[in-house]
Number of protein chains: 2
Amino acid sequence: MNLKQLAEHLNLSQTTVSRALNGYPEVSEKTREKVLRAAQELNYSPNARAKGLATGRAHAIGHVLPISDQHEMVNPIFGDFIAGAGQTYSKAGYEVVISLVDDKDEEQAYRSIRNRGNVDGIIVHGPRMTDSRIALLTELGLPFVVHGRASQVSLPYSWLDTNNGRAFQRATEFLLDLGHRRIALINGLEFMDFAHRRRVAYEGALTDRGIAPDPALMRSEEMTEIYGYRSAAEMLSLANPPTGFLVSSMITAIGVRRAIHEAGLEMGRDVSVITHDDDLGYLRNGHDVPIFTATRSSVRLAGMRAAEMLLELIRTPAHAPLTQLMEAELIIGSSTGPAQ
Amino acid sequence: MNLKQLAEHLNLSQTTVSRALNGYPEVSEKTREKVLRAAQELNYSPNARAKGLATGRAHAIGHVLPISDQHEMVNPIFGDFIAGAGQTYSKAGYEVVISLVDDKDEEQAYRSIRNRGNVDGIIVHGPRMTDSRIALLTELGLPFVVHGRASQVSLPYSWLDTNNGRAFQRATEFLLDLGHRRIALINGLEFMDFAHRRRVAYEGALTDRGIAPDPALMRSEEMTEIYGYRSAAEMLSLANPPTGFLVSSMITAIGVRRAIHEAGLEMGRDVSVITHDDDLGYLRNGHDVPIFTATRSSVRLAGMRAAEMLLELIRTPAHAPLTQLMEAELIIGSSTGPAQ
DNA sequence: GACCGCACCCAAAGCGCTTTGAGAAACGTT
DNA sequence: AACGTTTCTCAAAGCGCTTTGGGTGCGGTC
């Protein structure tokens with residue numbers, strides 16, 4: 001069933017039917033109603049490609065997942081982010097298109113996405129410290145919002161980020177206030193912007209209290225469970241082991257917890273752990289009583305907000321860049337306690 | 001840059017340029033080369049909407065995520081599945097379109113997806129025991145592959161599934177062979193087909209050995225960490241607690257492990273745990289030494305295979321339904337041991 | 001009765017591509 | 001020289017929609 005058939009069925013022109021369906025005022029209410037009813041009954045819905053061709057809008061948003069040799073892992077937070085964003089999109093009648101892009105031909109890929117014209121805007125995931133995509137997309141004139149930031153990029157651009165620096169500063173201070181002096185950082189990959197910010201904040205908080213950051217207590221890798229386990233196990237067997245851990249994700253923190261248990265220690269008493277918590281649906285940090293003391297920031301909410309920002313940019317093309325910094329909550333759980 | 005401009009630039013007709021780009025034989029090698037070079041230089045890539053309109057193919061695959069009140073959680077395995085499928089798609093020049101569909105208006109949604117015409121086929125996620133989508137999509141004539149199966153549906157249709165029954169049967173027998181008699185099942189939601197199959201297999205394996213399944217040792221919920229923790233904690237405080245646990249996902253198993261530790265018991269010695277492991281990138285079950293004894297089946301691989309099947313169905317429209325059953329490996333880790 | 005304005009409706013062009021049906025050019029064959 | 005073949009190229013139609021630039025018919029005004 002297409003427009004033409006629907007129009008013939010109704011003995012109207014395609015124009016009139018199209019206008020009736022799209023809410024233009026040039027058509028009487030009676031006609032509009034008839035048209036809407038028929039469309040409903042005959043299960044008509046317009047062909048998106050044709051509509052896109054005619055209007056120049058795709059009614060779709062691109063989410064580009066960088067795939068690289070360095071870390072081919074799919075971001076575990078991606079699902080929740082998309083779920084949040086998707087909710088906003090579907091209200092506005094937009095769809096999500098996902099492209100996996102090898103970062104070897106990133107430039108080519110983004111150019112092609114632009115030319116293919118099946119998205120009206122892009123959400124940029126996983127920004128690095130110095131991310132070339134921002135300049136590229138600006139040049140291409142394709143609306144975009146970055147989830148995160150790129151510290152080294154000085155161009156103005158739209159982004160939505162969690163205040164990772166503030167969160168990790170507070171977390172470090174929290175442990176310091178409890179009397180901890182040997183505090184380890186189990187961080188994500190530090191060419192990723194968020195991880196870099198976290199380390200800077202952690203080091204800053206330490207030095208502010210006159211403590212020199214100890215390289216033996218800092219790790220930077222992909223945030224898996226195993227990584228948390230190994231790092232913590234190794235550090236706990238040092239001559240002078242840490243009494244507190246700052247961890248970059250719940251999954252990794254779970255590995256840290258495992259290492260602590262295996263070392264015969266108790267988390268929250270012998271060793272304190274504080275983690276960042278993206279508030280993922282399948283990995284809640286406890287219901288009523290949080291397990292981990294954590295800096296919490298909902299990635300799902302971030303998705304919703306980023307989507308709204310992008311839709312706004314698409315609606316008004318000349319819009320100035322939008323930015324939004326979300327503060328993380330500090331959640332006190334049972335994984336921290338005073339230093340022994 | 002569009003076809004017309006490119007053709008003008010080359011002093012050729014659109015037809016010739018189009019044919020040159022799409023590898024038709026009616027154009028000389030010299031011309032083709034010239035065209036390709038120019039396209040490269042001028043960064044031309046065809047408008048997907050227009051191409052789609054003209055060819056009737058969208059070169060995109062739809063992944064529909066059911067969202068319901070019953071479980072609005074985003075499937076944590078979705079990311080890995082998409083990553084696998086995406087790899088296959090991008091080789092074939094296809095893209096991924098994601099739709100979040102509230103299962104209240106499922107029928108409407110699938111009809112509209114079909115009419116909108118921006119996907120050539122669909123991967124159906126999260127099939128229920130009796131899933132109306134299969135009949136619907138068959139009727140609509142839209143190619144689709146189900147990730148999983150729907151036991152109650154007798155129509156022939158294409159699916160790719162892990163042999164959940166066999167996996168859980170083996171897992172149960174493994175524990176039985178170790179001397180366990182009180183074996184608990186911490187299952188997923190049992191209106192989901194995979195979870196149902198797992199329970200049936202578990203009960204079957206028990207009764208085959210003359211053990212009556214005990215309802216007090218069976219749970220069925222969304223597979224979160226907390227759920228694993230609570231269920232295990234409760235069961236361990238029973239008068240007659242289980243000595244073995246069969247768990248439906250790694251995340252949930254981690255919760256079970258936590259409960260075991262908190263009860264002052266040791267996993268693998270006092271209590272055995274065996275879990276299903278989807279081999280997710282961010283939640284590897286150990287590198288060399290697996291942590292959990294597990295039935296392992298890579299969801300990423302499933303994504304790749306399902307994508308291949310779907311592309312095949314799209315290529316040859318009259319194709320008979322394709323099916324594929326993947327066997328899970330039984331991985332022996334340190335979370336199991338002889339019953340005390 | 002002529003004129004105007006309004007409400008309603010339509011035909012046709014155009015979005016950027018593919019593809020059909022056919023023509024021109026170059027070449028060999030008789 | 002006339003004719004077929006092969007190779008290369010093109011103009012134009014069509015995919016399903018929106019939107020422009022009118023038209024038609026009706027009631028009201030003078």
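First the proteins, then the strands, lettered A, B, ... as listed; each starts at 1.
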Would you please name every residue forming a side-chain hydrogen bond (donor to acceptor under 3.5 Å, both in side chains) with B:E29, sequence neighbours left out? B:R32
Sequence neighbours excluded, the answer for side-chain hydrogen bond (donor to acceptor under 3.5 Å, both in side chains) partners of B:S158 is none
Audit row: A:D193, A:R149, salt bridge (charged side-chain N to carboxylate O under 4.0 Å, His left out) steps and yes/no: CA-CA 6 Å; A:D193 195 79; A:R149 275 175 287 177; 5.3 Å; no
Residues in contact with DNA chain C, drawn from residues 107-120 of chain A - heavy-atom cutoff 4.0 Å: none
Does anything in residues 22-29 of chain B come within less than 4.0 Å of DNA chain C? Heavy atoms only, and list the residues if so. B:N22, B:Y24
Using the heavy-atom set of chain A and a strict 4.0 Å cut-off, write down the first and last nucleotide of DNA chain C that makes it in, 5' to 3'. C:dC8 to C:dG16
DNA chain D: 5'-proximal contact among B:L53 and B:L12 (nearest heavy atom): B:L12
Listing, residues 110-123 of chain B side-chain donor-acceptor contacts under 3.5 Å, not counting sequence neighbours, or none:
| residue | atom | partner | partner atom | Å |
| --- | --- | --- | --- | --- |
| B:Y110 | OH | B:R133 | NH1 | 3.3 |
| B:R111 | NH1 | B:E107 | OE2 | 2.5 |
| B:R111 | NH2 | B:E139 | OE2 | 2.9 |
| B:R114 | NH1 | B:L140 | O | 2.3 |
| B:N115 | ND2 | A:N43 | O | 2.6 |
| B:N115 | ND2 | A:S45 | OG | 3.4 |
| B:N118 | ND2 | A:E95 | OE1 | 3.1 |
| B:D120 | OD1 | B:A58 | N | 2.7 |
| B:D120 | OD2 | B:A58 | N | 3.2 |
| B:D120 | OD2 | B:H59 | N | 2.7 |

Should A:V96 and A:I82 count as side-chain neighbours, where that means a heavy-atom distance under 4.5 Å? yes
Listed pairs under 3.5 Å, donor-acceptor, residues 302-312 of chain A side chains, sequence neighbours left out:
| residue | atom | partner | partner atom | Å |
| --- | --- | --- | --- | --- |
| A:R305 | NH1 | A:Q324 | OE1 | 3.1 |
| A:E312 | OE1 | A:R315 | NH1 | 2.8 |
| A:E312 | OE2 | A:T316 | OG1 | 3.4 |

Protein and nucleotides 21-23 of chain D: nitrogen or oxygen contacts under 3.5 angstrom:
none

Atom pair OG1 (A:T31) and CG (A:L36), whose distance is rounded to the nearest 0.5 Å: 10.5 Å
A:R37 with A:E41: basic N within carboxylate O range, under 4.0 Å: no
Using the side chain to side chain contact (heavy atoms under 4.5 Å, CB included) rule, take B:N2 and B:N47 through it: C-alpha gap first, then chi angles, then the decisive distance, then the call. CA-CA 8 Å; B:N2 60 23; B:N47 181 299; over 6 Å; no
Show the numbers, then the answer: is there a side chain to side chain donor-acceptor pair (under 3.5 Å) between A:S13 and A:T16? CA-CA 5 Å; A:S13 76; A:T16 304; 3.1 Å; yes
Checking side chain to side chain contact (heavy atoms under 4.5 Å, CB included) for the pair A:V101/A:L65: CA distance, chi angles, key distance, verdict? CA-CA 6 Å; A:V101 170; A:L65 300 185; over 6 Å; no
OP1, OP2 of D:dT9 versus side-chain N and O of B:T31: anything below 4.0 Å? yes
Describe, as an angle rounded to 10 degrees, how the axis at the first end of the helix from C:dG1-D:dC30 to C:dT30-D:dA1 is tilted relative to the axis at the last end, five pairs per end. 70°
Listed by chain and number, what are the ring-ring contact (aromatic ring centres under 6.0 Å, His included) partners of [X], not counting sequence neighbours?
| X | result |
| --- | --- |
| A:H147 | A:F81 |
| A:Y44 | none |
| A:Y89 | A:H63 |

Rounded interatomic separation in angstrom, taking CD from A:Q14 and C1' from D:dT20: 15 Å
Between D:dA11 (C1') and B:L3 (CG): distance, integer Å: 15 Å
Looking for any heavy atom pair under 4.0 Å, which part of the strands does B:T55 touch: base, sugar-phosphate only, or nothing? sugar-phosphate
Chi angles and distances behind the side chain to side chain contact (heavy atoms under 4.5 Å, CB included) call for A:V17, A:L10: CA-CA 9 Å; A:V17 176; A:L10 283 161; 4.3 Å; yes
